[in-house]
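Below is one structure; the comments refer to it alone.
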Number of protein chains: 2
Amino acid sequence: MNDTRQFHLLAGQVSDRGARSDEAIYQALWEAIVEHRLSPGARLPEDALSHAFGVSRTTVRRVLQRLALEQLVTLRQNRGAQITSPTPSEARDVFRARRLMEGALLAEVLPRITPADLKALEAIHERETRAEREHAIRLSAEFHSRLVAIADSPSLSEALSQLISRTSLIIAVYGRARAGCPCEHIELIELLRAGALAPVQRWMSAHLTRIEASLDFTASGDALPDFEHLFGHHREQSAS
Amino acid sequence: MNDTRQFHLLAGQVSDRGARSDEAIYQALWEAIVEHRLSPGARLPEDALSHAFGVSRTTVRRVLQRLALEQLVTLRQNRGAQITSPTPSEARDVFRARRLMEGALLAEVLPRITPADLKALEAIHERETRAEREHAIRLSAEFHSRLVAIADSPSLSEALSQLISRTSLIIAVYGRARAGCPCEHIELIELLRAGALAPVQRWMSAHLTRIEASLDFTASGDALPDFEHLFGHHREQSAS
DNA sequence: CTGTCCTAGTTCGTATACAATCTTCGTGCC
DNA sequence: GGCACGAAGATTGTATACGAACTAGGACAG
């Protein structure tokens, strides 16, 4: 029952008290969520977190609100925070949005890409193939983030980063065995090196579609304790 | 000295105490910002707002944080909140992002558009042409929001809504006389009715480029954050 | 045995208090 | 006269206290 110990593991050396411990706590939680160390549906009691990180509930609450606005955690009136478990329709929407945005963005990426960028992407791919499952998921997200960053548009990068994070949640809920993402990225690197736009865009769209197709929406793959999403659309206070 | 009266005008009937007054306060501030009743650079003291809306600083702070994450206000350490004044490079980035996203999104909009949608857009356009300047700006934003909503993708709608709001800020800082936006929208409606994708996309791109071209970035340097406001527009719009 | 109601415990929502920081304005020195 | 320094005021950052809501467990009636 004592969640504090669990969250202590996340805390690490967050001793940057007073200054901007917000950022450190945010990073710790973000990584834990993206790496599936905290599963969708898991509750995040405020004072367990505040005790684990050694800050007051005020600070924790601020970080939780930020995560809620990014749709990584869900805040419900008087019921606290828990890791968001996306509904199937939300999941499909995220993939649709990513196909659209990443496809369009590649047109901006291709003219700007440098050999150094390709090297960086290769390095991430390299680590992906070697990493444990958990880290592989984060690295896969990092691969896509690094890719869109080449377009050098903060607005678009930020919007897509949110979608990429949410994808990790979706895989946590509906993913089976292993997503095909990591192994495939090398193909994209080759296409990028070739430099033709249309094949790159086609590949990305197919890549995302493959991942989406590998999901299993029939069952709640993980221990998913909230049926609110599945059945009743009770009034939720979720910040749009 | 007393900002409270100024903010009281925004408060309206926000008497939904205890429940979700957050949303009401957020809406009031959002509208005031988008309609340029609060100009970029204007400070938002916490206790003036809390007094005006009749809630505690805690609540105000939560709303301000949300607006900050949407980049409508800027929070600085120990210096409080003020309306964001986008830099020229941020402004250009927003327009680039909008050209990309709205262009791509139109491909999703066109197959889904219904006569009812066209009627709704026409109604907004109608009000645009008749409205005062301030309301026209909000209605112009509403026109674009309503347009992207037709694609029926919450993720994309939300991402674009943020960009649209930020555009309003950009016009507040760099806009001259009047933006050509309102009058032109009728052209888009005609093109949408015709139903050919390519002309619609071309028009939208040109539309956004026209607005961007009508801005005047010479006033302030890119590198310096907000000196133009510290020196140039030093006054807060204290009416009385 | 099952379902409902009631009570106890836990967790969250809001407000307030106090400390730290920044800003402003006045004074003194160069 | 201008600049630097310092103190007072104002504003924010953090923590804590208290009230309200939800959850869980047990007792009692059907």
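Just so it is clear, the structure is predicted and the values come from calculations on it, not from any experiment. Numbers restart at 1 for each chain; the letters A, B, ... are given by sequence-line order, proteins then strands.
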In whole angstrom, give the distance that lies between atom [atom1] of [X] and atom [atom2] of [N].
{"X": "B/Arg76", "N": "C/dT21", "atom1": "CZ", "atom2": "P", "answer": "17 Å"}
{"X": "B/Asp22", "N": "C/dC12", "atom1": "CG", "atom2": "P", "answer": "17 Å"}
{"X": "A/His51", "N": "C/dT10", "atom1": "NE2", "atom2": "C1'", "answer": "16 Å"}
{"X": "A/Leu75", "N": "D/dC22", "atom1": "CG", "atom2": "C1'", "answer": "16 Å"}
{"X": "A/Arg57", "N": "D/dT14", "atom1": "CZ", "atom2": "C1'", "answer": "13 Å"}
{"X": "B/Asp47", "N": "D/dG9", "atom1": "CG", "atom2": "P", "answer": "17 Å"}
{"X": "A/Gln65", "N": "C/dC12", "atom1": "CD", "atom2": "P", "answer": "15 Å"}
{"X": "B/Leu49", "N": "D/dT11", "atom1": "CG", "atom2": "C1'", "answer": "13 Å"}

Nearest of [options] to any side-chain atom of [X]?
{"X": "A/Thr58", "options": "D/dT16, C/dT16, C/dG13", "value": "D/dT16"}
{"X": "A/Gln77", "options": "D/dG13, C/dT16, C/dG13", "value": "C/dG13"}
{"X": "B/Ser56", "options": "C/dA15, D/dA15, D/dG13", "value": "C/dA15"}
{"X": "A/Val55", "options": "C/dG13, D/dA15, D/dT12", "value": "D/dA15"}

Hey, are [Y] and [X] close enough side-chain-wise for a donor-acceptor pair under 3.5 Å?
{"X": "B/Glu158", "Y": "A/Gln71", "value": "yes"}
{"X": "A/Glu212", "Y": "A/Tyr174", "value": "no"}
{"X": "B/Ser50", "Y": "B/Ser56", "value": "no"}
{"X": "A/Ser155", "Y": "A/Ser153", "value": "no"}

(request) Measure distances between side-chain N and O atoms of B/Arg79 and base N and O atoms of D/dG13, and say whether any donor-acceptor pair falls under 3.5 Å. (result)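 Looking at the base of D/dG13, it does not pair with any donor or acceptor on the side chain of B/Arg79 (distance under 3.5 Å).
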(message) So, under a plain 3.5 Å distance rule, would you say the side chain of A/Arg62 forms a donor-acceptor pair with the base of D/dG13?
(response)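 Checked by distance alone, the answer is no.
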(request) Would you indicate, yes or no, if D/dT12 has its OP1 or OP2 atom less than 4.0 angstrom from a side-chain nitrogen or oxygen of B/Arg61? (result)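 No, outside the criterion.
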(request) Identify, between B/Asn78 and B/Thr59, the residue whose nearest nucleotide on DNA chain C lies closer to the 5' end. (result)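 Nearest-nucleotide comparison on DNA chain C picks B/Thr59.
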(request) Please report the shortest heavy-atom distance between B/Pro40 and B/Val173, naming the atom on each side. (result)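 Closest approach of B/Pro40 to B/Val173: CG-CG2, 3.4 Å.
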